[in-house]
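Before any comments, here is the structure.
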Amino acid sequence: MMTHPAVLARLVEEYETESELGAAGPNVPVRHQMEDVVYTLCVSTGTYDIDAALAAARERLHTAWFGDSDDAEAVARDGRTLSGTAG
């Protein structure tokens with residue numbers, strides 16, 4: 001089972017936001033949220049570290065957004081197929 005591209009996009013965005021907040025200084029709630037996002041990205045991509053998870057997520061997003069797969073229906077940015085059904 002693969003994670004939906006919209007979910008991956010949200011997770012990557014959350015990771016980037018949490019990274020910026022964490023760089024601003026130590027903050028326990030931010031650190032806990034970051035740990036949760038890292039864990040979820042790793043599980044969602046089948047990887048064991050954040051660098052691999054980000055690379056895998058971005059590759060899947062590129063494939064979904066730009067149709068580099070053999071799938072006949074391309075996935076639009078809102079997570080729906082061209083036929084209008086949820087993908």
Only pairs under 3.5 Å count here: list side-chain donor-acceptor contacts from residues 37-45, not counting sequence neighbours, and write none if there are none.
| unit_1 | atom_1 | unit_2 | atom_2 | d |
| --- | --- | --- | --- | --- |
| Thr40 | OG1 | Asp36 | O | 2.8 |
| Ser44 | OG | Thr40 | O | 2.7 |
| Thr45 | OG1 | Leu41 | O | 2.7 |
| Thr45 | OG1 | Cys42 | O | 3.4 |
| Thr45 | OG1 | Thr47 | OG1 | 2.8 |

Sequence neighbours excluded, every pair satisfying salt bridge (Lys or Arg N to Asp or Glu O under 4.0 Å) that has a member inside residues 38-50: none
Pairs in or reaching into residues 8-18: which pass salt bridge (Lys or Arg N to Asp or Glu O under 4.0 Å), with residues at least two apart or in two chains? Arg10-Glu14, Glu16-Arg58
Going by side-chain hydrogen bond (donor to acceptor under 3.5 Å, both in side chains), name the residues that satisfy it together with Ser19, two or more places apart in sequence or in a different chain. none
Does one hydrophobic cluster hold both Val30 and Tyr15, with members joined at side-chain heavy-atom distances below 4.5 Å? no
